[in-house]
Amino acid sequence: MRANLEFRLKVLEEGLRDKETGRDLWRMCSEDPLFFVNVFGWTYDPRLDVPEVPWILYPFQEKALLDLINATGVTGQKAHDAVIEKSRDMGASWLCLESHEWLWHFGERYTFLWLSRKEEYVDKTGDPKTLFWKLDFFLEHLPPFLRPRTVRTHLHISNEENGATIDGEATTGDMGVGDRRLAVLLDEFSKVKPPDDAKAMKGTADVTRCRIFNSTPEGTNNAYYRKAHTPGVDKLRFHWSVHPEKAKGLYTTGKDGVKKLDGTYAFPAGYAFILDGKLRSPWYDGECARRASALEIAQQLDIDYLTSGGNFFDGGVLDRAEREDVRPPYMRGELLFDEFGVPTKFREGSQGRLLLWTYLDAKGRPHKGRDYIEGIDVSAGSDASNSCSSIGDALGGEKVAELAVINMFPSEFAIYCTALSRWFTGDHGEAYMIWEANGPGREFGARAIAIGAKRYYLRKRRGDETPMARKTRTPGWFTTDENKASLLGDYRRALGSRLFINRSIDAIAEAREYVFAGGTVAHPKALNSDDPSGAKHNHGDRVIADTLCWKGMNETRQMLKGAQQKMPEHCYAARMLRARAKEAAKKSVW
């Protein structure tokens, strides 16, 4: 800091004293953005006694500034979008602004657009958190020989010396329509809520070849998450651990105890290391202690998309399920069947779509002595989402099979699922089928019934979803936002109490992505899919199939329990049911 300030003072004095030196310094700044910022740049931090701070870039910031300039394509690289994933207080917004300011300052007729979720975050007089206030502050602190002639109005600034412009808008409505820009900044983009985030993605796609998506994570229910997880996207990751000040005393923990990653740091005697296996430092430990919740830590510090989004399923329950219940499938392959859904044989293969967590008997069929339930989630047959079947053992409470297929029309999928139902024949006959009847589920149900499916869910009387409720003649379970949230809640409780044992790692991974959204529960892709087929309602497909499987399992258990309660304890039927339950428990694969 001291050496930098002494150098700045010397350079400033020379530039102010001699016009030719001032012109030389202008040329040097036009050729090197790092020299420009490190010698003449100032930033603002209201937490300090003197909030005006000379801007001296850390190494990770220098690289990022050059990367952001290169992303525009003006340096010979191909113009491209870039995503900034950041912890809070890493200077990312300032860097985004300066990458554009430098080109606006020294280029020719370059134009930029800056977007934030509200107009008041883009430009508001006297408000340091706005984008244009930061730009004004930077320009005001430049010496006269570097300051260009400008025209500044609300949400606009133009460089009168080269014709370059910067404009601002809110990420709502038809932002950027008909516009053309060298680059667009979408600041704190994860906080732009659906559907405005999808509109912003569409509205800016034709405006520029270079969009900068800058944000801390805020769950998975947003376009920022989807962009950050697009294969091949250029990502700049500003994790707190790359900041030299925040990373002092960097450490982690493992089986062998504390591992100190910063050998130069002297920890005070008796320092209370936190043994959670995360990357930590004294600065990070202190920040965690003053944050209100794990949600805030995930959002502001950890770049943790899942924990930061108000996820529906408890992470600890899913961690336990993954650790204790998940298994590789015992077998995988394809079930072969005829055009009427009559199964012929199981053909094992490493690329098969049908996963089994049960062994087959001597005849190559699943064991009898169980009561199988088949939960089914049906897509429209596009490549936007899977159609899924989840098969469970009602008495043992285990998931024993999973099928996920893509690009299969509902009528074709109905034949496959009906064949599975017949293959998984238990003590009460074919596996009990329960499918989501909305949208493509209608075509699915009509085909399954037409080829002779025997056991399937019939809609209950309106307002009565109890196991013993009177049934209608309408097949399939019809979804509303309210009953879907209730159904997912039942499944969540079943996972937590281990009434439902899920063996599938993919199903657990999908459950991690479900979020609270607008008073209901949904998978992020379901809220923003552009699939015109209506398949957007089927994202998170394995979870919906598992949920329906649990609904069928739970109803079967309740019906058996109710039947037992109505029978004399020592009658033949009651003794038979108890014997079957006891035998099924013995046959559990675990």
Side-chain angles (χ1 to χ4, degrees), residues 326-368 370 372-393 398-426 429-436 440-441 443-445 447-456 502-510 535 538 540-546 548-549 552 589:
V326 164
R327 301 285 186 273
Y330 305 157
M331 305 175 71
R332 71 182 300 163
E334 295 289 345
L335 180 64
L336 305 183
F337 48 87
D338 66 17
E339 60 184 310
F340 300 105
V342 177
T344 55
K345 62 179 290 189
F346 175 75
R347 183 172 62 196
E348 196 168 0
S350 61
Q351 301 302 312
R353 297 168 294 182
L354 178 59
L355 311 182
L356 300 178
W357 289 274
T358 185
Y359 293 108
L360 306 182
D361 63 18
K363 296 181 180 180
R365 300 179 69 96
H367 291 282
K368 295 184 181 295
R370 303 187 187 188
Y372 295 108
I373 309 296
E374 184 179 11
I376 302 162
D377 185 64
V378 189
S379 81
S382 72
D383 59 2
S385 66
N386 291 310
S387 288
C388 291
S389 168
S390 174
I391 299 176
D393 168 19
E398 296 180 68
K399 179 173 177 174
V400 297
E402 177 182 281
L403 173 69
V405 299
I406 200 164
N407 291 324
M408 183 178 285
F409 290 119
S411 58
E412 297 177 83
F413 190 54
I415 301 173
Y416 204 146
C417 289
T418 303
L420 281 172
S421 172
R422 290 166 174 163
W423 196 51
F424 279 93
T425 294
E430 299 173 2
Y432 179 70
M433 301 169 68
I434 175 170
W435 61 84
E436 188 175 6
E443 180 184 346
F444 174 97
R447 184 59 177 162
I449 294 169
I451 61 175
K454 293 181 179 178
R455 293 184 70 213
Y456 49 85
N502 201 323
R503 303 298 185 193
S504 170
I505 184 63
D506 292 326
I508 296 299
E510 284 187 10
N538 295 293
D541 321 285
R542 290 176 177 85
V543 173
I544 298 302
D546 288 341
L548 291 171
C549 180
V589 295

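This structure is a prediction, so every number in the text was calculated from the model and none was measured.
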Got a second to check how far Arg447's CZ is from Phe413's CZ, nearest 0.5 Å?
15.0 Å

Let me have the donor-acceptor pairs involving side chains of residues 334-341, under 3.5 Å, with sequence neighbours excluded, atom names and distances please.
from	atom 1	to	atom 2	distance (Å)
Glu334	OE1	Arg353	NH2	3.4
Glu334	OE1	Tyr416	OH	2.6
Glu334	OE2	Arg353	N	2.9
Glu334	OE2	Arg353	NE	2.8
Asp338	OD1	Phe340	N	2.8
Asp338	OD1	Gly341	N	3.1
Asp338	OD1	Val342	N	2.9

Please report the interatomic distance CD1(Ile391) to OG(Ser421), rounded to the nearest 0.5 Å.
8.0 Å

Taking side chain to side chain contact (heavy atoms under 4.5 Å, CB included) as the definition, give me every residue that meets it alongside Pro410, ordered by chain and number, with sequence neighbours left out.
Val378, Pro440, Glu443, Phe444

Among pairs that include at least one residue of residues 412-423, which meet salt bridge (charged side-chain N to carboxylate O under 4.0 Å, His left out), considering only residues two or more places apart or in two chains?
Arg422-Glu430

How many angstroms lie between atom OG1 of Thr425 and atom NZ of Lys454, to the nearest 0.5 angstrom?
9.0 Å

By side chain to side chain contact (heavy atoms under 4.5 Å, CB included), Ala404 pairs with (sequence neighbours left out) Asn386, Cys388, Arg542

Residues in ring pair (Phe, Tyr, Trp, His ring centres under 6.0 Å) with Tyr372, at least two apart?
Phe424

Regarding Glu402 and Ser390, do their side chains bring together a donor and an acceptor under 3.5 Å, going by distance alone?
no

Salt bridge (Lys or Arg N to Asp or Glu O under 4.0 Å) involving Arg332 - partner list, sequence neighbours excluded:
none

Parallel, tilted or perpendicular: rings of Trp435 and Tyr456 (30°, 60°):
tilted

Atom of Leu420, atom of Ser389 and distance for their closest heavy-atom approach:
CD1-OG, 4.0 Å

Give, for atom CG of Leu355 and atom OG of Ser504, the distance between the pair rounded to the nearest 0.5 Å.
6.5 Å

Tell me whether Trp357 contacts the main-chain N or O of Arg327 through its side chain, where contact means a donor paired with an acceptor under 3.5 Å.
yes

For the CD1 atom of Ile406 and the OG atom of Ser387, what is their distance to the nearest 0.5 Å?
9.0 Å

